[in-house]
Structures are given as C-alpha cells and as structure tokens.
Amino acid sequence: MSLWLIALCLGAGCLIGFMGGVLGIGGGMIAIPALVLLMGMSQQLAQGTALIMVLPTIMMAVRKYNQQTRIDRRVALAGAGGAVVFTWVGARLALGIDSSTLRLSFAVFLFFIALFYAWQTWRAGVAARSPKPAAGRAAPVFTPRRASVLGVLCGTLGGFFGVGGAVLAVPIITSVFRLPQTTAQALALCMVIPGSAVALVTYSWAGQAAWLVGLPLAAGSLLFVPVGVRLAYKLPERKLRACFAAMLFATVALLAFES
C-alpha cells in the first residue's frame, strides 16, 4: 500500500470522524459508499473495512458524550446485550447474498430513515411556530427491558449492513421516548459497541475486511471525533436533526450513483 494512499485514508478518516462525532453515527455510513465508489470494493468488503474504523471511533465518541452528560449505564448495557447475538446473525446473512442486492437494500434502508428524520425536523418546526403547544400523552420511559428489545433489532441491522444500528435507534429513542437528540445518540452508540466488535470479527473471518485501509481511516477518525462531539452539544437540536437527514440523503445519492 503506497504512502499517498495511507495519507489519503488518514485525511478521509479525519473528515469521517468529525461528521460521525457531530451526528452520532460512527462515520460508517459515510465510509461505506466512499470505499465502494472510490476504491471499487464490494459491498461486503466495504462494510467489513468500515467496521475497522467504526469500532474505535464509536468508543471514543461514547467517552466524549459521557463527559458532557452521564449515560444511563443500565439502559445502555441492556441494549448492548440484546444486540450482540443478533449482530452475528445479521452479518452471516449479509455475507451470503449478492453484493449489488446488499447495496440496494442499504440504500433503501437509509432512504426511509432519512425521510423519517426530515418529517421529524419539519414537525418540530411547525410546533415551534404554533402559539399553543399540542397536548399529548407522557412519553413512555426508556427502561432496560425496552432497550434490550431495541438492541435486538439494531443488532440485526448493524450486522447486516455493517452499520445502521445506531441510525435506527436514534429516531426511535427521540420520537417514541422523547429523549434529547444528543442523549439518544450517546445511548445508541453504547448499544452497538459489542455488536460492532462481533460483526468485525465475523467479516474479518470471512476475508471481508481490508485492514491496511481500515487502520489509517481509524487513526484519522479518532483525531476528530472529540471536535465533532463538542459541536453536537452546541448546535440547536432541530438543526442537528436536519444535518442528520441531509447526510443520509447524500449517502443514498452516492449509493444510487454507484449502481
């Protein structure tokens, strides 16, 4: 692997780490389309390589989020426990299907998540302009049992797509349990750490992880995750949701271009 390619991966990792810290996604959704488009990787190889970068980046982001606001460890551990086994199941399913089919599935999944976030952002804007707040029932409590159920769903998706567990968990936590965006991002990232480790081992065992590409991506990403997390706590919540949706739509456009 040439030195210029290592330097390029380091630079790309810095940008991905910053965006992942701001949006609470670990950066994998940015890295996967880029690896397929720019390096010609199959969808499975791109997902496995992205996991090399994602796992340490997630751990760094969780540490920084916890420094800002203490994370509910019981809820986070319950969600992580629910995700572990099902992440392996999702990864095995992904390794057994055609690469183009997996890429199309990834694009469709992200498109609907982006639509949900765009709708949620629009609804928040309407509520802010309304003279009277709409009356509604109190939000259910996000208990460890509910977190474990969510972890099962997120673990399956995270294993199947290499990333995605946190992307699904964040809108569910913010819309159903009505927790703040940054709290939801912190909890979602905690829930996917053990599952991401399982997925990385599974993809690597199948020969679907390029470590010489993934390691410099990870090194660059770790440098800029703290900067992204600090910015996330300074941005207005509605603007943060809008950024999240815009990033997802951009990822879908990249995947469509690859096809």
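The analysis underlying the following values was restricted to heavy atoms, covering all of them including side chains, and did not include hydrogens, waters or symmetry mates. Note that the structure is predicted; figures quoted are calculated from it, not measured.
Checked against side chain to side chain donor-acceptor pair (under 3.5 Å), Asn66 has no partners two or more places apart in sequence or in another chain. In this structure, Phe86 has no ring pair (Phe, Tyr, Trp, His ring centres under 6.0 Å) partners at least two apart in sequence or on a different chain. Residues passing the side chain to side chain donor-acceptor pair (under 3.5 Å) test with Thr182, sequence neighbours excluded: none. Residues forming a side-chain contact (heavy atoms from CB on, under 4.5 Å) with Ala114 (at least two apart in sequence, or on another chain): Leu248, Phe249. For Arg73, there are no side-chain contact (heavy atoms from CB on, under 4.5 Å) partners two or more places apart in sequence or in a different chain.
Formation of a donor-acceptor pair under 3.5 Å by the Gln43 side chain with backbone atoms of Ser99 is not found in this model. Between the side chain of Tyr65 and the backbone N or O of Arg70 there is no donor-acceptor pair closer than 3.5 Å.
Under the 4.5 Å side-chain criterion, counting only non-hydrogen atoms from C-beta, Val225 is not in contact with Phe18. Residues Arg74 and Leu77 form no side-chain contact, since every pair of their non-hydrogen atoms from C-beta on lies 4.5 Å or further apart. Side-chain atoms of Val84 and Trp88, non-hydrogen and from C-beta on, never get closer than 4.5 Å to each other.
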List the atom pairs, with distances to 0.1 Å, where a side-chain N or O of residues 167-175 and a protein N or O form a donor-acceptor pair under 3.5 Å, not counting sequence neighbours.
| residue | atom | partner | partner atom | Å |
| --- | --- | --- | --- | --- |
| Thr174 | OG1 | Gln120 | NE2 | 3.3 |
| Thr174 | OG1 | Val170 | O | 3.0 |
| Thr174 | OG1 | Pro171 | O | 3.1 |
| Ser175 | OG | Pro171 | O | 2.5 |

Would you please test Gln44 and Tyr203 for side-chain hydrogen bond (donor to acceptor under 3.5 Å, both in side chains) and show each step? CA-CA 8 Å; Gln44 284 91 340; Tyr203 278 89; over 6 Å; no
